[in-house]
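Computed from heavy atoms alone, side chains included, the values below leave out hydrogens, waters and symmetry copies. Numbers for residues simply follow the sequence, beginning at 1.
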Amino acid sequence: MLNLIFTALIVFSAVAYLYFKTKQFRTALQAERQYHRSSASAALGAFMMLFGANQLLLFSGLITYLVAAVFILLGLYVLVHNIRARNHYAGFLEEERRLNEK
């Protein structure tokens, strides 16, 4: 059952990555592009972290634990870094939209 939940979350994060990546390419505003880029990267970090956690449930062994730990730690770093970047660029979105209206 837990494997099914992880699989659903992995698929959701992959779809979120593709969604934000296409939004990134479709916008002309620089701050909004950076906002969507960091959102896509945060989804990719969640994907990596969830994939590593799922591997811990499926397989056992020292190599699996080491590789899963790398995926979880790297995914967590990417997730946290890009959430902070996303919050940073969120402050510029309204101002950039206002400046480009004129």
Side-chain angles (χ1 to χ4, degrees):
M1 181 65 180
L2 194 57
N3 184 30
L4 190 61
I5 293 171
F6 273 122
T7 303
L9 289 173
I10 288 169
V11 169
F12 177 75
S13 63
V15 169
Y17 171 77
L18 292 173
Y19 172 77
F20 286 119
K21 206 59 164 169
T22 56
K23 294 275 285 186
Q24 171 193 337
F25 289 124
R26 295 181 61 106
T27 186
L29 303 177
Q30 188 63 29
E32 191 172 358
R33 182 174 292 145
Q34 294 293 335
Y35 177 81
H36 291 307
R37 179 179 293 149
S38 56
S39 297
S41 295
L44 186 62
F47 175 84
M48 291 170 53
M49 189 175 65
L50 291 166
F51 183 79
N54 192 33
Q55 293 305 305
L56 289 177
L57 293 175
L58 295 176
F59 305 106
S60 62
L62 181 63
I63 303 284
T64 302
Y65 295 144
L66 293 175
V67 171
V70 168
F71 269 96
I72 291 170
L73 293 175
L74 185 62
L76 185 62
Y77 171 75
V78 170
L79 178 68
V80 169
H81 174 75
N82 285 294
I83 286 175
R84 288 181 181 168
R86 182 178 183 263
N87 291 337
H88 171 74
Y89 290 118
F92 297 113
L93 291 177
E94 189 62 38
E95 181 181 356
E96 186 178 50
R97 288 182 187 140
R98 184 181 51 81
L99 288 173
N100 284 310
E101 283 179 358
K102 299 177 183 179

- prompt: So with a 6.0 Å cut-off around NE2 of His88, is the heavy-atom count from everything else above 12?
  reply: yes
Pairs where residues 60-78 contributes a residue and the test side chain to side chain donor-acceptor pair (under 3.5 Å) is met, not counting sequence neighbours: none
query: Got a second to check how far Arg84's CZ is from Asn87's CG, nearest 0.5 Å?
result: 10.0 Å
field: Under the ring-ring contact (aromatic ring centres under 6.0 Å, His included) test, residues paired with Phe71 that sit two or more places apart
entry: Phe51
- prompt: Can Ile63 be reached from Met48 by stepping across I, L, V, M, F, W or Y side chains whose heavy atoms are under 4.5 Å apart?
  reply: yes
- prompt: How long is the span from the CG atom in Leu44 to the CG atom in Leu18, to the nearest 0.5 Å?
  reply: 10.0 Å
message: With a 4.5 Å cut-off on side-chain heavy-atom distances among I, L, V, M, F, W and Y, is there a chain of contacts connecting Phe47 to Leu57?
response: yes
- request: With sequence neighbours left out, write down each residue that passes ring-ring contact (aromatic ring centres under 6.0 Å, His included) with Phe59, or none if nothing qualifies.
  value: none
May I have the list of side-chain donor-acceptor pairs in residues 8-17 shorter than 3.5 Å, sequence neighbours left out?
| from | atom 1 | to | atom 2 | distance (Å) |
| --- | --- | --- | --- | --- |
| Ser13 | OG | Leu9 | O | 3.3 |
| Ser13 | OG | Ile10 | O | 2.9 |

Distance in Å, His36 NE2 paired with Tyr19 OH, rounded so as to fall on 0.5 Å steps: 7.0 Å
- request: Locate the shortest heavy-atom distance separating Thr7 from Asn3; write the atom from each residue and the value.
  value: OG1-O, 2.7 Å
- prompt: If you group Ile, Leu, Val, Met, Phe, Trp and Tyr by side-chain heavy-atom gaps below 4.5 Å, do Leu74 and Leu79 land in one group?
  reply: no
field: Linked, directly or transitively: Leu56 and Met49 (ILVMFWY side chains, under 4.5 Å)
entry: yes
- request: Could you tell me which residues satisfy side chain to side chain donor-acceptor pair (under 3.5 Å) with Gln24, sequence neighbours excluded, listed by chain and number?
  value: Lys21
- prompt: Which value, rounded to the nearest 0.5 Å, describes the distance between Ser41 atom OG and Phe20 atom CZ?
  reply: 11.0 Å
Flag side-chain contact, heavy atom, 4.5 Å: Glu32 against Arg97: yes
field: Within one Ile-Leu-Val-Met-Phe-Trp-Tyr cluster: Val67 and Ile72, side-chain cutoff 4.5 Å
entry: no
- prompt: Which pair of heavy atoms, one from Asn82 and one from Ala42, lies closest together, and at what distance?
  reply: CB-N, 3.7 Å
message: My understanding is that only residues two or more places apart in sequence, or in another chain, count here; which of them pass side chain to side chain donor-acceptor pair (under 3.5 Å) with Arg86?
response: Tyr35, Ser39
